[in-house]
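Okay, structure first, notes after.
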Amino acid sequence: MSNSAVGLLTDPFLQLPTADSVRVAWFTEFAGKEHQVNYGQDLQQQVVAQSFKLSRMQEDQLSQVGEQKESGQVYQKPTPRDIWRHEAIVPNLTAGERLPYKVSSLDDQGKTITSREFTFTPAPLPGQPLKILLTSDHQLMPMTAANLQKVEETIGRLDAVFFAGDLQNVPDRASEWFDDLRGGAFFPCLQGRASYQIEKNGIKTTYRGGEIIQHTPLFAAIGNHEVMGQALPNLNLNEQFNDPRPQAAAAQLYATYAATINPQNDPQLRQRWLKNHSFNTDTVREILSFPENTVSNNPSSNLRTGGENYYAVSFGDIRLISLYVTNLWRTPDPQQRGRFQEKAADLEHPQDWGYGQMIFESIEPGSPQYQWLVQELNSPEFQLAKYKMVMFHHPPHSLGGNIVPPYTNPVQVIDRTPQGAITAVRYEYPQSQDYIIRDLLPLLEKAGVHLVLYGHTHIWNRFQSATGMNFLESSNVGNSYGAYTGEKTRPIPEKYSEKYVVTGNPNGLAPIVPTLAPIVENDQPLPYLSSNDITAFSIWDTATGLVSSYRFDTREPNAQVIKFDEFPFNDRKS
C-alpha cells in the first residue's frame, strides 16, 4: 500500500457474461482517468470503464499491509483506505470466440499503467462443454494459494468459478482482498499473484495461486464472512465484524434516541444509522457485480428481483441459483458470547449481547427470498435447463461442527432469580424449525435440482438424497474444524431443552465414501477430508457430466495431485 500509484491494485477479472458481452473489472489506489479495456486480435477495439470509489474500505491495527508488519505499527484505529473500482461492459462479442484483452488506467501523475494480456469470451452457448471450479471458504487460509495453483496446473483453463461464500475474513479490511503481507489475499490467490509460504517437515514452499479469474467469470454466494457488523469507530475491524445486531434491535435503539441522533428526521441519515448499527453486505456488493435479473424475464413481477444478495443466471447448459442462506457464526465456547449463551459478564448489559447465531435474511415461506425462489424454480429458464444447481453457504448436510445448532432463529431464554436478577441468557434452536431442512430442501427436491454446493465447516464431504439430489461441501483449504464422527463429539450445551446431535450428520443422510482414493485411517476409508495438510478442490466437467474431487498433500510439495472422488452430476432418480 502506498500513496502514489506504482501499478494496478489487481489484474482485471471477469463478471456477468451474457450471450454477446462480458464485464471486465479492476481496482486502483488512485482515481485517475481514461480507464479502458482494449480487446480483439489486434487489441485495437476499445471500451471505456465506469469508476467509483469503494465506500467502506479500511485498514486497522490488526491489518498486515504496507509498512505494518505487526499490530498497531501504523494504524491505531480503523482508517479509511482509498480504492477505486473500474468496470467496462465489452459488447458485440461472438459466442464461442475467445479474444485477447488488456486494461489500462492513467494515474494521477499522468502515467498510463497497463495490465498484461489476458483472454475473455461471452457466456457459453447450450451444449458447449465447460469445466467449472466448485469452491468456498478461502478466507486467507494457509492452503488457499496451494489449492488454486494446483487447480490451474491440473485442469488448465476453466470456464467459471462457482464460489459458495466466505471469500475473505473481514470484508471491510481492504488488504484481505488485495495485498495482505502474508501473501494469501483474495485477488492474488485467484489471479496467480499470491506469495504464500508453507513450511512442512522443514521444507518451505511458496505458492502463487492460479491465474484463473482474469480469463474466467466468478459467481459468488454470500457467506457469513461477507457480512459486516456494526460500524463503530471505537472497535477494530475484527470486533466490528463480530458484533452485528439484529435489525429490530437497531431500530429499537434508534427509536429511543432518535431525537438526538436525527433531530431533522432525515430518512437517509436514519437508514445509514440503522445499517451501521446492525449489519451490511455493502463491500462485497461493491467489489463484485451481482446480477440484476428478474424472474422469468418478467418486469411486472412485484418481487424484489434485482439488487439482492440472491440471484439466478443461465450459463451454457446450467441454471445456477445462488441463495443468501447464512447466519452469524458464534463460538461454541460456553464461557463466551456464543451460539448458545451470553457471556456471564454481559448479563446485565444488553447492549453487549450477541443474540446467538442470528440469520441475516429469511428463507422461510412467505419471505421475499422464498417467494422469489418459488417463482424461479417454476421459470422456463430453470425448468428447461439441462443442469440445475443451487449454491448457498450454510450446510444442509455435513459432518462438520458448524451444522449444529439447526438453521433457525434463536429463541432467547432469560433465567432470573426470584428478585429478578438475570442469572443466564440462553439460546435454543428448535430442530423441528430448521428452515433449510423443513422448507428449502423439499422445494429443491421437488424442482429436480441436481446439485447443492455449500461450505462453512471447512471440510470435504458429500451426500445424496433418496431422489438422487447431490450435496457437496468442498471447502478444505486449511483451518479445518474437524469432522465429527466416532468418538469425536461436537461441543454442545448440557441441560438444554433441545438435544443437538453430537456426532455424524444431524440431518439424516449418510456421508458417501470417496469412490476412487479415499483417505484410509485405521484400515477404514474415511467419508470426508478434514486436514490442515491436505487440500481438496472439485471440478465439474459438463462434457462428461462428472464432478471430480482432487487432493494435494502440502507436506510433499513434489507429490502428485490425486483424484479421489467422482460422481455424475445429474443422476436424479425417478
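Please read these numbers as outputs of a predicted model, since none were measured by experiment.
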State which residues pass ring-ring contact (aromatic ring centres under 6.0 Å, His included) with [X]; sequence neighbours excluded, sorted by chain then number.
{"X": "Tyr370", "result": "none"}
{"X": "His458", "result": "Tyr481"}
{"X": "Phe537", "result": "Tyr550"}

Side chain [X], main chain [Y], donor-acceptor under 3.5 Å:
{"X": "Arg551", "Y": "Val561", "value": "no"}
{"X": "Tyr429", "Y": "Gln357", "value": "yes"}
{"X": "Glu226", "Y": "Gly165", "value": "no"}
{"X": "Glu239", "Y": "Asn236", "value": "yes"}
{"X": "Glu176", "Y": "Leu140", "value": "no"}
{"X": "Ser531", "Y": "Asp533", "value": "yes"}
{"X": "Gln15", "Y": "Ser289", "value": "yes"}
{"X": "Asn169", "Y": "Gln139", "value": "yes"}
{"X": "Asn280", "Y": "Val227", "value": "no"}
{"X": "Asp565", "Y": "Thr515", "value": "yes"}

Check your understanding: Mind checking what makes side-chain contact (heavy atoms from CB on, under 4.5 Å) contact with Gln64, not counting sequence neighbours?
Key -> Asp180, Leu181, Arg182
Calculate, to the nearest 0.5 Å, the distance between atoms [atom1] and [atom2] belonging to [X] and [Y] respectively.
{"X": "Thr216", "Y": "Ile132", "atom1": "OG1", "atom2": "CD1", "result": "10.0 Å"}
{"X": "Arg330", "Y": "Tyr427", "atom1": "CZ", "atom2": "OH", "result": "8.5 Å"}
{"X": "Leu237", "Y": "Ser175", "atom1": "CG", "atom2": "OG", "result": "9.0 Å"}
{"X": "Ser549", "Y": "Ile562", "atom1": "OG", "atom2": "CD1", "result": "13.0 Å"}
{"X": "Asp159", "Y": "Ile155", "atom1": "CG", "atom2": "CD1", "result": "11.5 Å"}

Exercise for review: Kindly assign one of parallel, tilted or perpendicular to the pair Phe569 and Trp540, based on the angle between their ring planes and the thresholds 30° and 60°.
Suggested key: parallel
Residues forming a side chain to side chain donor-acceptor pair (under 3.5 Å) with [X], sequence neighbours excluded:
{"X": "Asp243", "result": "Gln230, Arg245, Arg337"}
{"X": "Thr144", "result": "none"}
{"X": "Ser548", "result": "Glu566"}
{"X": "Trp26", "result": "Ser105"}

Study note, to complete from the structure: Applying salt bridge (Lys or Arg N to Asp or Glu O under 4.0 Å) to Asp60 and not counting sequence neighbours gives Arg173
**Study point:** Partners meeting salt bridge (Lys or Arg N to Asp or Glu O under 4.0 Å) with Lys388 (sequence neighbours left out)
**Key:** none
Determine whether [X] and [Y] make a side-chain contact, defined as any pair of heavy atoms from C-beta on separated by less than 4.5 Å.
{"X": "Leu328", "Y": "Ile359", "result": "no"}
{"X": "Val449", "Y": "Val452", "result": "yes"}
{"X": "Asp166", "Y": "His138", "result": "no"}
{"X": "Arg339", "Y": "Pro405", "result": "yes"}
{"X": "His215", "Y": "Arg157", "result": "yes"}
{"X": "Leu14", "Y": "Ile213", "result": "no"}
{"X": "Met391", "Y": "Leu320", "result": "yes"}
{"X": "Met228", "Y": "Thr281", "result": "no"}

Review point. Does NZ or CZ of Arg285 fall inside the cone over Phe290's six-membered ring, less than 6.0 Å from its centre and within 45° of the axis?
Key: yes
[Y] ring center within less than 6.0 Å of [X] ring center:
{"X": "Phe279", "Y": "Phe360", "answer": "yes"}
{"X": "Trp372", "Y": "Tyr310", "answer": "yes"}
{"X": "Phe219", "Y": "Phe315", "answer": "yes"}
{"X": "Tyr454", "Y": "His397", "answer": "no"}

Could you tell me which non-hydrogen atom of [X] sits nearest to which non-hydrogen atom of [Y], and how far apart they are?
{"X": "Arg490", "Y": "Gly504", "answer": "NH2-O, 2.6 Å"}
{"X": "Gln369", "Y": "Tyr324", "answer": "OE1-N, 2.7 Å"}
{"X": "Arg98", "Y": "Thr121", "answer": "NH2-CG2, 3.5 Å"}
{"X": "Asn476", "Y": "Ser530", "answer": "OD1-CA, 3.3 Å"}
{"X": "Ile437", "Y": "Asp434", "answer": "N-OD1, 3.1 Å"}
{"X": "Tyr407", "Y": "Glu361", "answer": "OH-O, 4.3 Å"}

Exercise for review: Check the pair His450, Asn470 against side-chain hydrogen bond (donor to acceptor under 3.5 Å, both in side chains), reporting the backbone distance first and the verdict last.
Suggested key: CA-CA 6 Å; His450 298 114; Asn470 294 292; over 6 Å; no
Point to revise | Inter- and intrachain pairs under salt bridge (charged side-chain N to carboxylate O under 4.0 Å, His left out), touching residues 204-216, at least two apart | key: Arg116-Glu211, Glu152-Arg208
Exercise for review: For the pair Ser314 and Glu381, evaluate side-chain hydrogen bond (donor to acceptor under 3.5 Å, both in side chains) and give the outcome as yes or no after the intermediate values.
Suggested key: CA-CA 7 Å; Ser314 294; Glu381 292 88 346; over 6 Å; no
Could you list the donor-acceptor pairs under 3.5 angstrom formed between side-chain atoms of residues 186-197 and any protein atom two or more places apart in sequence or on another chain?
unit_1	atom_1	unit_2	atom_2	d
Gln191	OE1	Asp11	N	3.1
Gln191	NE2	Asp11	O	3.0
Gln191	NE2	Pro12	O	3.3

Between [X] and [Y], does any side-chain donor sit less than 3.5 Å from a side-chain acceptor?
{"X": "Ser475", "Y": "Trp460", "result": "no"}
{"X": "Thr331", "Y": "Gln336", "result": "no"}
{"X": "Asp317", "Y": "Thr542", "result": "no"}

Check your understanding: Going through the distances and angles, do Thr489 and Thr503 end up as a side-chain hydrogen bond (donor to acceptor under 3.5 Å, both in side chains)?
Key -> CA-CA 5 Å; Thr489 58; Thr503 187; over 6 Å; no
Review point. Do other residues, nucleotides or ligands put more than 12 heavy atoms under 6.0 Å from Glu153 CD?
Key: yes
